[in-house]
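First the proteins, then the strands, lettered A, B, ... as listed; each starts at 1.
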2 protein chains.
Amino acid sequence: MNKLKSDLLYLVKNVIDTSLPDKAVSKKLDDILSKQEINDLILIAIGKAAWRMAKAAKDTLGDKIKSGIVITKYNHSEGEIEGIEIYEAGHPVPDENTIYATQRVLDMTKNLSEKDTVLFLVSGGGSALFEIPSDGITLEEMQDLTNQLLKSGANIVEINTIRKHLSKVKGGRFAQHVYPAKIISLILSDVLGDRLDSIASGPAYPDSSTSHQAMEIIKKYNIKVSEKIIGALKNETPKELTNVESHIIGSVKIACETAKNTAEELGYNTILLTTNLSCEAKEAAKFLASIAKEILESDRPIKKPCAVILGGETIVHVKGTGKGGRNQELALSFAIEIEGMENIALCSFGTDGTDGPTDAAGGIVDSETCKKIRQSGFSPEALLDNNDAYNALKISGDLLITGPTGTNVNDVIVMLLTSSPH
Amino acid sequence: MNKLKSDLLYLVKNVIDTSLPDKAVSKKLDDILSKQEINDLILIAIGKAAWRMAKAAKDTLGDKIKSGIVITKYNHSEGEIEGIEIYEAGHPVPDENTIYATQRVLDMTKNLSEKDTVLFLVSGGGSALFEIPSDGITLEEMQDLTNQLLKSGANIVEINTIRKHLSKVKGGRFAQHVYPAKIISLILSDVLGDRLDSIASGPAYPDSSTSHQAMEIIKKYNIKVSEKIIGALKNETPKELTNVESHIIGSVKIACETAKNTAEELGYNTILLTTNLSCEAKEAAKFLASIAKEILESDRPIKKPCAVILGGETIVHVKGTGKGGRNQELALSFAIEIEGMENIALCSFGTDGTDGPTDAAGGIVDSETCKKIRQSGFSPEALLDNNDAYNALKISGDLLITGPTGTNVNDVIVMLLTSSPH
């Protein structure tokens, strides 16, 4: 394996290690405990990484945790944690177990005093896994409403505005429920831009959406709703919360900064282009190849040897029948664009280790990638057209396989370029 | 009009002025004449800007030009130039006038001595406008071959390799023809990367493609060709030329550098991302919006106030029935992405002043663009889906209209961002 690819593998390992919830939770808790005395914590963990985050907190805090609840997705619990109730529930669609487990959380955190502290561990998926509709509204009514909004063309921001106003825990209401107890949130963000009122629909963060907006959305899409729902929508979410403290312990921003620091340690000049990437995967690859050409020709926007770093979540509009994921598609498209160019390699991967419905995290490609695919008698272009990046990169030996990592802070892309070796 | 938009208009004007062939030809000729004594020049100008380049040369050099020929596209001559023969011919498909005019050039430049100098003015379109097939091959045979190659899926590099080997003037053969006379080329480039053996198929530059490659392409696509063509393909193009001197006097690189310098004069930090942009227009806009978000949030990859500059040629896969061009499509897509974001504006325009089949050069958009379109009762998204960027930007008053500029060095995109005005 050449130097660029081995440097990329080293980078990937560092980025994933840093993004694991275990270490990040322990580190942040040590930091918090060094500044304040906290005892008799109630631990509430929600989301796909809830179990791992709770385990790390328990390992760090031990008996300081007096009770706790984990709500995670089916098959995401890895066993018992002493003194903690563990529930599994529906995702992405909430089910009766969601309601039951969330009610347990509300019971455990009611009638608290200002001396109490809730440690709230939040990860992606928390929006579905932590939910009870407002009084008098059923889960079925909420889902019916969501379906109507989706069919009417409402966007996700609009749908979430409605959802927050119909929930007992979303939009800051969980923090309101535990008041006057303090709530310390440690958040593993899978939302681009890390908006704290968006991650898991912000149970412990002031809501920026309003009742008025919710009513306007209902009017705009001409949605038929019951009087009970109208009543609930008119009940405003908290706009200010005095008992919350929030810490993002993992995010695509942090992952990109780790990639940047690691690349600098390896001797590369670095440029972090964006942590908000959001466009068609194969077109992002073409855009990046345009930048790669400029760097190879003119050392701009950055001088070789260099690392160009991006984070975000690209999209694939699937038309073919092949196998792949957005990171593999981006990597294959990039390989096609740089065919014949030397001194360049790119890695695109999901920090969760699972890119699309495949066992790969993404791909690591260079100028040899297309050559190898062609030498095996296949056309890289035809494989890309069929959304078959998995098989293309399998042929060239360029799949990145990490296994599920236990974290998810979205995707990271790193492009490395060096000068011609003369 | 707000400051960002007026700054963009000023930038556009500067970029187009600097890209005009007239000034660039005069300036470079003055520069050349200051270093060497040249008299009795033969002027040969080919391409869509040939007339303007020849006129500028004549105005600068006067009687130093002893004879000359202009070959340009139909309706691109703007009148007589004293002492210069002017021909118009077919573009993009060569016709009998192409052959006639090119033969006139070969006649005028034959039997020259090493004391003679040919001033060769090259612009986009030169490949079709300057052509004579190798001996024994007809224009029809060449066009039939090109059509077969296109149908077989050959790419433009492969097609040009074949074309160069079957031409009397392409691939360095024109320079070979005038040898031992010196040939000074002034080139207005419309080819990304400014490869001198690609612009107008490089009549006065050593060819990097080979007979062997040409034969491989014929085999690869299983093309049926006559013995005469095989014979001609085996005739190698020149790989070294001692009588040529080439100067790029206009290109998207130069246009981008002008944009960069102008933005710096206006007080912006600048980053030139690429002069090689090549991807779907609306996806390029999304990628740029991702970078814009990063800059607004985190001042990276560059600190506000800043200008992000790109050059190149995006693509639109037309599906709708609307009116537009790649620059207008990029601008509208960007406006949709940045709706609700403040302190940001973007301009995308063709330096030729004609974007697609419209009278606009491109668009200048900001956070008001979508608002205005919606207030007029239209959906920006629906207009974009219908490839109707022209009408969308007409509604919002964001079309950039310059009229045909007389130059073409491809497209330039500039995004300006400032800090929140507190």
Side-chain angles (χ1 to χ4, degrees), chain A residues 153 155 157 192-195 252-253 256-257 260 269-302 306 308-315 317 330 333-334 336-341 374 379 381-382 413, chain B residues 153 155 157 192-195 220 252-253 256-257 260 269-302 306 308-315 317 330 333-334 336-341 379 381-382 413:
Chain A
N155 64 39
V157 174
L192 297 190
D194 301 332
R195 284 192 53 168
V252 77
K253 267 193 215 302
C256 286
E257 281 156 10
K260 188 172 189 297
N269 301 313
T270 63
I271 182 168
L272 202 172
L273 276 189
T274 182
T275 61
N276 289 290
L277 184 64
S278 173
C279 72
E280 186 79 22
K282 65 181 177 190
E283 300 297 323
K286 289 180 190 171
F287 198 113
L288 283 172
S290 304
I291 296 176
K293 280 178 199 160
E294 194 69 23
I295 294 172
L296 289 174
E297 285 167 20
S298 315
D299 265 340
R300 66 185 169 201
I302 186 161
C306 65
V308 180
I309 296 149
L310 301 94
E313 185 173 337
T314 62
I315 301 151
H317 287 95
L330 192 157
S333 173
F334 187 80
I336 291 170
E337 295 297 316
I338 61 152
E339 190 172 5
M341 289 161 63
R374 292 193 206 285
S379 153
E381 292 86 358
I413 303 160
Chain B
N155 64 40
V157 174
L192 297 191
D194 300 333
R195 284 192 52 168
K220 176 176 171 186
V252 76
K253 266 192 217 302
C256 285
E257 281 155 10
K260 189 173 188 298
N269 301 313
T270 64
I271 183 168
L272 202 171
L273 276 190
T274 184
T275 60
N276 289 289
L277 184 64
S278 173
C279 72
E280 186 78 22
K282 67 181 176 189
E283 300 296 324
K286 290 180 190 171
F287 198 114
L288 283 172
S290 303
I291 295 176
K293 280 177 199 161
E294 194 68 25
I295 294 171
L296 290 174
E297 284 167 19
S298 314
D299 265 339
R300 64 184 172 200
I302 187 162
C306 64
V308 180
I309 297 148
L310 302 92
E313 186 176 334
T314 61
I315 302 151
H317 286 96
L330 192 157
S333 173
F334 187 80
I336 292 170
E337 295 296 317
I338 61 153
E339 189 170 5
M341 289 160 65
S379 154
E381 292 85 0
I413 303 159

Out of A/C279, A/S298, A/A292, A/G193, which one racks up the most heavy-atom pairs below 4.5 Å with chain B? A/C279
Can you tell which part of A/T314 gets under 4.5 Å to a heavy atom of chain B, answering side chain, backbone, both or neither? neither
Worked check of side-chain contact (heavy atoms from CB on, under 4.5 Å) between B/E294 and A/L273: CA-CA 8 Å; B/E294 194 68 25; A/L273 276 189; over 6 Å; no
Has A/E283 got a side-chain atom pairing as donor or acceptor with B/E283's backbone, closer than 3.5 angstrom? no
May I ask you to name which of A/K286, A/K282, A/R300, A/E337 has the most heavy-atom pairs under 4.5 Å with chain B? A/R300
If you count the non-hydrogen atoms of other residues, nucleotides and ligands that lie under 6.0 Å from CZ in B/R195, is the total more than 12? no
Identify the residue among A/V308, A/T274, A/I271 that makes a side-chain contact (heavy atoms from CB on, under 4.5 Å) with B/P301. A/I271
Would you name the heavy atoms of B/S290 and A/S278 that are closest together and state the gap between them? OG-N, 3.1 Å
Please state whether the side chain, the backbone, both or neither of B/L310 comes within less than 4.5 Å of a heavy atom of chain A. side chain
Contact winner vs chain B - A/I302, A/L288, A/I295, A/L272, heavy-atom pairs under 4.5 Å: A/L272
Give, as side chain, backbone, both or neither, the part of A/E297 having an atom under 4.5 angstrom from any heavy atom of chain B. side chain
Proximal component of A/L277, with respect to chain B [non-hydrogen, under 4.5 Å]: both
